[in-house]
Structure formats: C-alpha cells, structure tokens
Number of protein chains: 2
Amino acid sequence: MTEKKINQLSRMVDKIALHTSISVEDRVGLLELPYTSRFFEAGSYLLRDGDTPNHSGLLVSGLAYRHKIGVDGLRQIVAIHIPGEVYDLQQLHVATADSNVQTLTRCEVVTISHGALRRLAEERPSVAHAFFVTTIVELSMAREWMLNIGRRDARTRISHLLCEFAFRLDKHGLPPGQAYELPMTQEQLADALGLTAVHINRTLKILVNDGLIAHSKRGVTIPDWEALVTAAGFNSRYLHMSPPDAATGAAHLA
Amino acid sequence: MTEKKINQLSRMVDKIALHTSISVEDRVGLLELPYTSRFFEAGSYLLRDGDTPNHSGLLVSGLAYRHKIGVDGLRQIVAIHIPGEVYDLQQLHVATADSNVQTLTRCEVVTISHGALRRLAEERPSVAHAFFVTTIVELSMAREWMLNIGRRDARTRISHLLCEFAFRLDKHGLPPGQAYELPMTQEQLADALGLTAVHINRTLKILVNDGLIAHSKRGVTIPDWEALVTAAGFNSRYLHMSPPDAATGAAHLA
DNA sequence: CGGAATGTTGAACCGTTTCAAACGGAGTGG
DNA sequence: CCACTCCGTTTGAAACGGTTCAACATTCCG
C-alpha cells in the first residue's frame, strides 16, 4: 500500500473513530479497500438529487455543501461537509439521493464502491456502527439547524453557524484557536440560514461592529470565542463530539 | 405468544417492512422479543434531551412530537412521530438524546430493551438494515423541513406540513382519502413551522377561504388533495415510501 | 484589461410579530 | 344547571425584522 493511499484514507478513519471505538483491526480493514482519487473544481456537483450512485465518496480535502431546491426554485442549504466525511453514505441503504451535494472549494474526493463498503460493514460490526453513528450525528445537526432557522433572529443565526463551523473544524487537526477561513459567499450563507444575501451583508457588518467577528476577504476570524458562543446560544452537545458523553465540551484542549 | 402481543408488535414490523425487504423469518424474530406495554397521557415526555435510556420505545397508537428548546426558551418542533415508529432508535448507537419527545395525544408505547434489539440487529442483517433506513428517512424528512422553514412563506409552509402528514398517515392502514384528524394546537403548529400561533391562525383562515382545507374542531379535512399539493409544492419523494425507487409518487392509488 | 461574480448601500415595502383584548368550549365544583 | 376557570382560538392595530429593487463598488479570474 502506498504512503499516499494511507494518508488519504486514514483521514476517513480518524473521522469515524472520533465518534466510535473502532478497533485497530478495523482501521486496517478500511485501509485495504480499493479506491480511486479525483479532484473537483469549486462548484462541481458531487451528488444530485435523484441520483442512485453505486459508490461512496470520501471528502479528503476541501468543503462541500448539501442543498435542496424547491419547486419555485428557492434553495436551502441543509448541511456543510468538511474533510473526512463521506457525503453519500446514506445511499448504501437507500438507493436514491434526496438532495444535492456541491463543491464549495476545490476538493479531493476518494471513491469507494458500495460493494466493498457493504462487505466491510457486514464483516466488521464496529464499522457498521461507525456508519450508523455518522448518520445519527448528521440528523442531530439537521435538528439544530431547524431550531436555528426557525426560531433565532439573523444575528444569532449567523453566529450559531459560525460557532458550529469553527467547532467542527477545530476538532479535526486544525490549530485550535479563533481564526479560520469560511469560503462561502454571502448568498450561500443566506441559503444556509434562510435569509437574504443583502441581509447577511448587513448583519455581518453588525457582528463586526460588535467585535464578535472580524473578516478578511473570504474568511472569518473570531477574536473572542466565548462572546460569540454566548451571542449564538451555542452548545456543542448536539455535535456528539466529546469523548463518549463526557459532556465537558473542552476535549479539544487535551 | 398472545394475540394482543402479535397485534402490537406487528405494527412495528409493518412499518419497517415498508422501507425494506425484511424477511418473514425476521418478522418472527421481532415478534419474539420481550416487551412491556404502557399508556401515556397527552403531554407526557417519552424522551428528554440528555437522557440515556437503556430501552427503545415503539409508538403503537397516538402521536408524538420531537422538539428542541433554545437557551432563550424558544421551542422548535423538529419531527412528528406516528404509530409504528420507534422514537428513540438512535439511542441504540449514540448514548444521549439530542431532543425531547413529547406526547401529542394519549399514546400506547411498547418498550423493548436495547440489549434485545441489539442482539436482534446483530443476528439479522435485514433488521439492522431496516433500522438504518428508518434513520435515513428521518434525516431526509429533516432536510425537507429545513427547506420548508427556511424558504417557504406561511401559506406554503402550512400546506406542506399538512401534505406530509396526510401522506404519511394514508400510507399506513388509514383509509386513503382526504379526511384526517390533526390533533395539534395552533401553537404547536407554529413551533413546528417557525411561525407564531397568531399567524398560524390567520393563515389557516386563508387556506379555508381558498378552499384548500376545511376544519372541524381539532382536525383538518382536505377537499382537494391535488390543489393542496400544488399550493404546497409537495413532492413525496423525500419520504422514500414508494416501492423501491419507482418514483411515481402515485403509489398510494393502487 | 475587461467582464462577470460578489459585496455594499439606501429607501420603500411587506410578511410576520407583538401586544392586548375578547371569545369559545371543555371540565369542575357548587 | 350555572358559575368559574383554563386553555386555545380569534381579531385588531401598531411595530419590526427582513425583503425587494436598484444602483454602485469591489474583487476575482480568464
């Protein structure tokens, strides 16, 4: 097995291992899967609503977003995928996709056939468990987004998305701290939050004014994490990322 | 095995079988699980955010709703559970619950220990598959709700919820057709749709005026199903209820 | 460099909220 | 059977958060 292959796939394993106690043996099992690697430019579709793929895609680098489009053409972004995530795991069990996944930046994607993944999951219960946990966490995030979109005002809503995003990224090898890039246009932010691009613009400005965020071109920095968390009413528990139910929320300091 | 026991549990099996090709053998397996049955009054909590139950609950009769409460006390209903559903399946794989489940009407709940369900899922792959599919469908519904709450106006939003609800119920043994009871207060509807009870009231009145719905006390009847579907921009595909990917959307006419 | 996409700003507008008051129906106790 | 209360519904008027439209500035990218 090549060095590169190990590098790519081990990110998937690390991601899965976050949520579960996957054994060393199972990690090796994952690394022995046949795969192909490919790059996609920003804006490419990785999955389309209605598709019935026969392989799964692991996001190795870059960001992607999942969205639905209503009959009237209005778009709602329902999730953001970060490196280490398999964006179409669900198609292992339900043939057709219910939403689109589109690339936010240039992305590297590793493709593994459904057959290989299914066999693996059948042979190793802890892998099947890891897949299930991944889906449950997605569901939990979806529920929090509903609360966000349905019941919070624009300021809180944006703050919350920023908190979630920072938290998810900080937990995955990036330097812990308050600065990160968020490569979304204001229109994409609007579609994620159920608002208008114009209003995103104005509210972002308010957040900058209040000293909760600062932004360079296409990115955001967070000067005061605690202040933003308070403004957002953010509680990371729904991300299920702490060591099994320790609920300290400070596990990334270790 | 008593006649009553078979009756209760077979509803769960029927529900699961809707989404999957579960074998007769596995159905029998399900029916042999030890269980206890209990009634809950309207308004009872079946599951609380943060709970770590060691058993699963199958809703045999009645309706329940799942909700989250923000730090400011604002509530968002994120799902409605109908008879045949297991409302805490996820706690088989993730210890703590991320939302509350509360009874909408008087409910009968059958309780099965996690141990028994886990053993069953391990022994019978098609049962594990069925559990997974159930979770995926919940996720798909959550995504559609995000689109509903984030991008549709009040009229469309209410219509869509009504469509989804009618569709899910019609597929499960109730007489197919246009009349059903919806035992939610206007405040609960508001919390499900990200609106205000007052505005629900006004919009409901508009829908009645437009002839899209008619309502008796605590229920709704739909005089013209097609008209409501059009007004809602409703497409049932996200419910994944058609025979495997037939995608006709008219399967309930058979 | 030029054109397209994204960001910024203002003013008018409107869907929804807020507050407040009144109404209705179901259940309870006298 | 009435009086009382509770909870949900109904209605109105005013206020507000967010949208819309339109113009202009900026950045990105070939």
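Each chain gets a letter, A, B and so on, in the order the sequences are listed, and its residues count up from 1. The shown structure was predicted, so the numbers you read here are calculated from the model rather than taken from an experiment. Values below: all heavy atoms of this structure, side chains included; hydrogens, waters and symmetry mates excluded.
- Side chains of A:F167 and A:F234 form a contact here, defined as non-hydrogen atoms less than 4.5 Å apart.
- Salt bridge A:R75/A:E187: absent, no basic N to carboxylate O contact under 4.0 Å.
- Following rounding to the nearest Å, B:L195 (CG) and D:dG18 (P) show an atom-to-atom distance of 14 Å.
- Distance A:L189 CG to C:dG7 C1': 12 Å, rounded to the nearest Å.
- Within the nucleic acid shown, A:A154 comes within 4.0 Å of sugar-phosphate atoms alone, with no base atom in reach, counting heavy atoms only.
- One atom, CG of A:L104, and another, P of C:dT6, lie 11 Å apart when rounded to the nearest Å.
- Each salt bridge (charged side-chain N to carboxylate O under 4.0 Å, His left out) pair with one or both residues in residues 59-73 of chain A, not counting sequence neighbours, appears once here: A:K68-B:E144.
- Counting any heavy atom pair closer than 4.0 Å across all strands shown, B:G194 reaches sugar-phosphate atoms only and no base atom.
- In this structure, the CG atom of B:D153 is 17 Å from the P atom of D:dG18, given to the nearest Å.
- Whole-Å rounding puts the A:D72 CG to D:dT19 C1' distance at 15 Å.
- Taking atom CD of B:Q186 as the reference point, atom C1' of D:dT10 lies 8 Å away to the nearest angstrom.
- Taking a cutoff of 4.0 Å between a charged side-chain nitrogen and a carboxylate oxygen, A:R168 and A:E85 qualify as a salt bridge.
- A donor-acceptor contact closer than 3.5 angstrom links the side chains of A:S37 and A:E108.
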Filtered N/O pairs between nucleotides 10-12 of chain C and protein, under 3.5 Å:
unit_1, atom_1, unit_2, atom_2, d
C:dG10, N7, A:R202, NH1, 3.1
C:dG10, O6, A:R202, NH2, 3.3
C:dA11, N6, A:R202, NH2, 2.9

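- In this structure, CG of A:N201 is placed 14 Å from P of D:dG18, rounded to the nearest angstrom.
- Taking atom CZ of residue B:R151 and atom P of nucleotide C:dT16, one finds them 13 Å apart after rounding to whole Å.
- A residue-by-residue look at A:R157 and B:A197 shows that B:A197 has its nearest nucleotide of DNA chain D further toward the 5' end.
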Discussion item. Walk me through whether B:H67 and B:Y65 qualify under ring-ring contact (aromatic ring centres under 6.0 Å, His included).
Written reply: CA-CA 7 Å; B:H67 66 272; B:Y65 63 105; 5.2 Å; yes

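- Salt bridge annotation for B:D98-A:R237: absent, with no cationic side-chain nitrogen under 4.0 angstrom from a carboxylate oxygen.
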